[in-house]
Amino acid sequence: MNLRIGFGYDLHLLAKDRKLILGGIEIESPFGLIGHSDGDVLIHSIIDSLFGAFSLGDIGTHFPDYDPAYKGISSLVLLEETTDKIPGSVVNIDATIVAEVVKLFPYFDSMKENIARIIGINESSISIKATTNEGVGPVGEKKAIACYCISLCKEGI
């Protein structure tokens with residue numbers, strides 16, 4: 001069995017009067033993420049890590065932000081399409097959300113449930129953590145949210 005590791009990263013700016021969607025869950029917040037889709041940095045970083053594991057480019061290659069078909073789309077739909085495009089299966093996912101604006105821990109179980117359902121793995125194979133940027137940079141200044149993700153996959157379906 002050949003194992004493959006992928007790394008993903010995403011960052012979106014925050015704006016007032018937008019929904020904050022992370023892991024497909026709407027989070028109560030006065031700020032939301034700006035994006036062509038729903039701006040879900042967690043799902044976007046997972047998508048990039050999965051494409052990266054199989055050397056298939058990145059999220060912009062497969063779902064370009066100039067394509068009106070993806071305007072306002074749920075990133076969970078993009079994750080489902082990504083899962084169909086990769087030539088293998090996911091073993092586990094480890095993601096870290098970097099945010100200053102809201103506490104995310106209460107939402108982790110629901111996020112994992114969404115991701116596990118779409119990818120077809122057990123929730124125990126998904127790790128979601130959150131940290132702050134200690135007041136540094138756009139994330140620390142509450143202007144953005146970022147996410148890092150590593151995925152372990154195996155070739156073949």
Side-chain angles (χ1 to χ4, degrees), residues 6-54 56-86 90 92-121 123 125-151 153:
F7 173 76
Y9 170 79
D10 195 35
L11 178 141
H12 283 268
L13 292 173
L14 288 161
K16 284 189 176 197
D17 301 321
R18 287 194 51 100
K19 291 180 181 179
L20 177 58
I21 308 290
L22 292 170
I25 302 298
E26 185 173 340
I27 295 168
E28 192 173 322
S29 172
F31 301 97
L33 295 166
I34 299 170
H36 184 70
S37 65
D38 59 10
D40 189 331
V41 294
L42 172 58
I43 301 299
H44 293 182
S45 67
I46 292 171
I47 290 170
D48 267 351
S49 74
L50 296 177
F51 283 141
F54 294 99
L56 295 175
D58 63 12
I59 191 170
T61 304
H62 296 270
F63 312 113
D65 63 3
Y66 55 80
D67 188 333
Y70 304 117
K71 179 72 176 160
I73 195 168
S74 167
S75 294
L76 293 177
V77 172
L78 303 180
L79 180 60
E80 186 171 8
E81 290 183 27
T82 299
T83 303
D84 291 341
K85 291 181 179 200
I86 60 171
V90 179
N92 83 309
I93 289 172
D94 183 15
T96 301
I97 303 166
V98 188
E100 305 270 348
V101 294
V102 65
K103 295 294 181 191
L104 299 173
F105 178 77
Y107 302 96
F108 288 168
D109 287 343
S110 297
M111 292 176 188
K112 290 197 284 190
E113 183 179 303
N114 278 342
I115 296 162
R117 176 178 39 82
I118 290 170
I119 292 178
I121 62 175
E123 292 173 37
S125 297
I126 300 169
S127 172
I128 300 173
K129 305 173 298 296
T131 190
T132 67
N133 222 38
E134 300 295 331
V136 178
V139 172
E141 296 167 359
K142 301 181 183 178
K143 295 178 183 176
I145 294 177
C147 188
Y148 297 90
C149 179
I150 295 175
S151 63
C153 301

What residues, two or more places apart in sequence or in another chain, satisfy ring pair (Phe, Tyr, Trp, His ring centres under 6.0 Å) together with F7?
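Result, ring pair (Phe, Tyr, Trp, His ring centres under 6.0 Å) vs F7: none returned.
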Who passes ring pair (Phe, Tyr, Trp, His ring centres under 6.0 Å) against Y107, sequence neighbours left out?
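For Y107, no residue satisfies ring pair (Phe, Tyr, Trp, His ring centres under 6.0 Å) once neighbours in sequence are set aside.
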Distance check, rounded to the nearest 0.5 Å: [X] atom [atom1] versus [Y] atom [atom2]?
X    : Y    : atom1 : atom2 : answer
C147 : I43  : SG    : CD1   : 9.0 Å
T83  : I115 : OG1   : CD1   : 10.5 Å
F54  : I86  : CZ    : CD1   : 5.0 Å
I119 : S151 : CD1   : OG    : 8.0 Å
L78  : I59  : CG    : CD1   : 5.5 Å
S127 : D94  : OG    : CG    : 4.0 Å

Distance-minimising heavy-atom pair for K85 and F63
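Closest approach of K85 to F63, heavy atoms only: NZ-CE2, 4.2 Å.
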Provide the closest heavy-atom pair for D38 versus S74 in the form atom of the first, atom of the second, distance.
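In this case the closest contact between D38 and S74 is OD2-CA, 3.4 Å.
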Got a list of side-chain donor-acceptor pairs under 3.5 Å for residues 97-106, not counting sequence neighbours?
{"unit_1": "E100", "atom_1": "OE2", "unit_2": "N133", "atom_2": "N", "d": "2.7"}
{"unit_1": "E100", "atom_1": "OE2", "unit_2": "E134", "atom_2": "N", "d": "3.1"}
{"unit_1": "E100", "atom_1": "OE2", "unit_2": "G135", "atom_2": "N", "d": "3.3"}

Sort and list the pairs that fulfil ring pair (Phe, Tyr, Trp, His ring centres under 6.0 Å) and have at least one residue in residues 18-52, not counting sequence neighbours.
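Applying ring pair (Phe, Tyr, Trp, His ring centres under 6.0 Å) to every pair that reaches into residues 18-52, excluding sequence neighbours, yields H12-H44, F51-H62.
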With [X], which residues qualify under side-chain contact (heavy atoms from CB on, under 4.5 Å), at least two apart?
X    : result
P64  : Y66, D67, Y70
P138 : K143, A144
A116 : E123, I126

Keeping to residues at least two apart or across chains, list the salt bridge (Lys or Arg N to Asp or Glu O under 4.0 Å) pairs with something in residues 39-51.
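Checked against salt bridge (Lys or Arg N to Asp or Glu O under 4.0 Å) - neighbours excluded - no pair reaches residues 39-51.
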Tell me the salt bridge (Lys or Arg N to Asp or Glu O under 4.0 Å) pairs involving residues 110-121, sequence neighbours left out?
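Passing the test, one end in residues 110-121: no pairs.
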Enumerate, atom names and distances included, each donor-acceptor pair closer than 3.5 Å involving a side-chain atom of residues 18-26, sequence neighbours excluded.
{"unit_1": "R18", "atom_1": "NE", "unit_2": "L33", "atom_2": "O", "d": "2.9"}
{"unit_1": "R18", "atom_1": "NH2", "unit_2": "L33", "atom_2": "O", "d": "3.1"}

Would I145 and L14 satisfy side-chain contact (heavy atoms from CB on, under 4.5 Å), going step by step from the backbone distance to the final call?
CA-CA 7 Å; I145 294 177; L14 288 161; 4.0 Å; yes
side-chain hydrogen bond (donor to acceptor under 3.5 Å, both in side chains) partners of S110, counting only residues at least two apart:
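Scan of S110 (side-chain hydrogen bond (donor to acceptor under 3.5 Å, both in side chains), adjacent residues dropped) gives none.
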Tell me, please, which residues at least two apart from D58 pass side-chain hydrogen bond (donor to acceptor under 3.5 Å, both in side chains).
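side-chain hydrogen bond (donor to acceptor under 3.5 Å, both in side chains) check on D58 returns T61.
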Going by the side-chain contact (heavy atoms from CB on, under 4.5 Å) test, name the single residue among L76, L79, L42 that passes it with N114.
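Running side-chain contact (heavy atoms from CB on, under 4.5 Å) over L76, L79, L42 with N114 returns exactly one hit, L76.
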Take C153 and L50 through the side-chain contact (heavy atoms from CB on, under 4.5 Å) test and state the conclusion after the steps.
CA-CA 8 Å; C153 301; L50 296 177; 3.7 Å; yes
